[in-house]
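Residue numbers start from 1 in every chain, and the chains themselves are labelled A, B, ... in the order their sequence lines are given, proteins ahead of strands.
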Amino acid sequence: MKPLFARGSYTTLRLLVFALLALALMTLDHRQHRLDSARAALSLLIYPVQYLVDLPFRAGAWMADSLSSRTSLLRENSALRNQALLQSAGLQKLSALENENTSLRELLQTSLRVRGEVRAAELLAVDLDPFRRQIVINKGSLHGVTPGLPLLDANGLMGQVIHVGPVSSIALLITDPSHAVPVQVSRTGLRALALGTGASDRLDLPYIPTDADIQVGDILITSGLGGRFPPDYPVAKVVSVHHDPGQPFASIRAVPTAHLEHSREVLLVLGETGPPVPLPEPAPPAAPQKARPGGDKR
Amino acid sequence: MIPTRAHRGWVIALTLLAALVLTLFPLPAWASLLRPEWVMLVLIYWCLALPDRIGIGTAWGMGLLLDAARGTLLGQHALAFALVAYITLKLYARIRRSPLWQQALIVLALVFIEQMLVLWITGMIGQLPWRWSYLLPTFTSMLLWPGVFLVLRHMRRTLRVT
């Protein structure tokens, strides 16, 4: 029999010490982001557990691959080859267009847009905080991931990296209630903010006046304002526009184009973000007449 | 008799690891709203069974690990877990003697305290649109307590964890 009150008299003291420690940690983490290295170390500790959780899903995918029949593989292969042919044909045109675009931008003396390096990463199938929209990816600082990198899938913008560990990172999705993306309506150039709502298939566009030109079906692309996200990536599609005459702003909903809940392969855009730009001027319609070939210095 | 310190500590570590795996295991959205606080339940059990080995420190450490795993503010779950461990340690003799259904009610109160503390902190840093469904894990934790208790007690007795 052990003594009943082995630690009894110190319990309250221990609670106080640990509670103060927790409060200090929270303050440092929230106010100053001083704990990124501690978080990175902890993420290394938790990575085996995450890997363990992800293992059945990985094994399932592997089984599906190795058990699929030869004919279905052949069919998939030929379909993929067709797709690759079509896309490379499109790319030939694209490189010509890109060159043309670059020279036009040189004429206009606006900032050049550089295609960034894109790196593939995979999601780990683990659940995070149920109150927020976050995902874990299997690339970290050892692979060149830094906080703030944008995350894409094949169909559009997914989110951005917020915490980086050595071999894994946590990314915040655009549907998280604390997330906002600066967007632009691709049809009209109207700028707006797309706010996450916490629901996986819905973004809200507040602060758009009721008389603004925006319709159901409009595609929203990143505007590149703020310097965090590269411009011109698709973000969402407008699904409902509601004008209430009593309200100063229209209530507008959009659905993300990226498959936030289904994608397992994601792309990290390295390098394109660059330093924050001092508010890129949208080229005024009159600009082409002013800019002369050869570029006047003025 | 001097108790040997590290006596089958790996069983405790293994149950805590299992709780962590269950917490991170991906579920469909509706089921993930119902997910009980596995780590909290296992910690409460070990605080009741071995109050001189498992206490505030272990709870705090597990909370910190959970914070890192879930991407929440570091220290948020640590604080809540430490507080619940403290209450459990203060009352363990009384809780241990009550029948299982009363224990479940006490667990309801304990998990409610933990959830409210976590939600409160999340709300304070402004990341939380309130929904009533956030209280569901409290009730599923209560319903699962008898099962968790019986399984862990069986493990503790057969493996002689002291």
Asker: For F57(A), which atoms come within 4.5 Å of any heavy atom of chain B: side chain, backbone, both, or neither?
Answerer: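 Contact with chain B involves the side chain of F57(A) alone.
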
Asker: Answer whether the closest heavy-atom distance between the side chains of V181(A) and L203(A) falls below 4.5 Å.
Answerer: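 No, too far: nothing below the 4.5 Å cut-off.
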
Asker: Measure from the side-chain N and O atoms of H30(A) to the backbone N and O of T27(A), and report whether any donor-acceptor pair falls under 3.5 Å.
Answerer: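 Looks like no, no N/O pair under 3.5 Å.
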
Asker: Heavy atoms only: give me the nearest A258(A)-G156(A) pair and the separation to one decimal.
Answerer: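 Residues A258(A) and G156(A), closest heavy atoms: CB-O, 3.6 Å.
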
Asker: Given a strict heavy-atom distance threshold of 4.5 Å, which part of L45(A) is in contact with chain B: side chain, backbone, both, or neither?
Answerer: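 Side chain of L45(A) only, per the 4.5 Å heavy-atom cut-off to chain B.
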
Asker: Might you point out which heavy atoms bring I44(B) and L110(B) nearest each other, and give the distance in Å?
Answerer: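 Distance-wise, the nearest heavy atoms are CD1-CD1, 3.9 Å.
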
Asker: Taking non-hydrogen atoms and a cut-off under 4.5 angstrom, which of residues 58-74 of chain B neighbour chain A?
Answerer: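 Counting heavy atoms that sit under 4.5 Å from chain A, the residues of residues 58-74 of chain B involved are W60(B), L64(B), L65(B), D67(B), A68(B), A69(B), R70(B), G71(B), T72(B), L73(B), L74(B).
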
Asker: Determine which residues belonging to residues 19-26 of chain A lie within contact range of chain B, meaning some heavy atom pair is under 4.5 Å apart, and list them by number or answer 'none'.
Answerer: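 Listed by number, the contacting residues are A19(A), L21(A), A22(A), L23(A), L25(A), M26(A).
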
Asker: For chain A, which residues from residues 14-22 of chain B lie under 4.5 Å away (heavy-atom distances)?
Answerer: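 Near chain A, by residue number: L17(B), L20(B), V21(B).
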
Asker: Quick check: under 4.5 Å, non-hydrogen atoms only, which of residues 149-161 of chain B neighbour chain A?
Answerer: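 Listed by number: none.
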
Asker: If you compare all heavy atoms of D201(A) against all heavy atoms of V255(A), which two are closest, and at what distance to 0.1 Å?
Answerer: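 Closest approach of D201(A) to V255(A), heavy atoms only: O-CG2, 3.6 Å.
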
Asker: So, do Q102(B) and R97(B) sit near enough that their side-chain heavy atoms are less than 4.5 Å apart?
Answerer: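 Counting from C-beta outward, Q102(B) and R97(B) never come under 4.5 Å.
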
Asker: Backbone N or O of Y47(A) within a donor-acceptor pair of the S168(A) side chain at under 3.5 Å?
Answerer: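 Here the side-chain-to-backbone pair does not exist.
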
Asker: Identify the heavy atoms of Y233(A) and P230(A) that sit nearest to each other, and give their distance.
Answerer: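 Where Y233(A) meets P230(A) most closely, the heavy atoms are CE1-CG, 3.3 Å.
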
Asker: Quick check for you: among V17(A), L172(A), V126(A), L124(A), which has the greatest number of heavy-atom pairs under 4.5 Å with chain B?
Answerer: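 Counting heavy-atom pairs under 4.5 Å, the top option is V126(A).
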
Asker: Roughly how far apart are E37(B) CD and E114(B) CD, rounded to 0.5 Å?
Answerer: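 Interatomic distance, E37(B) CD to E114(B) CD, rounded to 0.5 Å: 4.0 Å.
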
Asker: Tell me whether the count of non-hydrogen atoms from other residues, nucleotides or ligands lying under 6.0 Å of CZ in R253(A) goes above 12.
Answerer: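 Open: at most 12 neighbouring heavy atoms sit under 6.0 Å from CZ of R253(A).
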
Asker: Measure from the side-chain N and O atoms of R58(A) to the backbone N and O of Y51(A), and report whether any donor-acceptor pair falls under 3.5 Å.
Answerer: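 Here the side-chain-to-backbone pair does not exist.
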
Asker: Write down the atom of A180(A), the atom of F229(A), and the distance for their closest heavy-atom approach.
Answerer: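 Shortest heavy-atom separation between A180(A) and F229(A) comes out as O-CE1, 4.5 Å.
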
Asker: Check whether any side-chain heavy atom of Y45(B) sits under 4.5 Å from a side-chain heavy atom of I54(B), and report yes or no.
Answerer: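 Sidechains of I54(B) and Y45(B): no contact.
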
Asker: Hey, which of L33(B), I121(B), V118(B), L27(B) has the most heavy atom pairs under 4.5 Å with chain A?
Answerer: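 With the most close heavy-atom pairs to chain A, the winner is L27(B).
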
Asker: Shortest non-hydrogen contact from L193(A) to P206(A)?
Answerer: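 In terms of heavy atoms, the two residues are closest at O-CD, 3.5 Å.
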
Asker: Checking S169(A) side chain against I137(A) main chain: does a donor-acceptor pair fall under 3.5 Å?
Answerer: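 Not a single qualifying donor-acceptor pair exists.
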
Asker: Backbone N or O of L135(B) within a donor-acceptor pair of the T138(B) side chain at under 3.5 Å?
Answerer: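 Present.
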
Asker: On the 0 to 90° scale, with breaks at 30° and 60°, tag the F249(A)-Y207(A) ring pair as parallel, tilted or perpendicular.
Answerer: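 Geometry flag for Y207(A) against F249(A): perpendicular rings.
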
Asker: Rounded at 0.5 Å granularity, tell me how far OG1 in T23(B) sits from CZ in R35(B).
Answerer: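 If we round to the nearest 0.5 Å, T23(B):OG1 and R35(B):CZ are 6.5 Å apart.
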
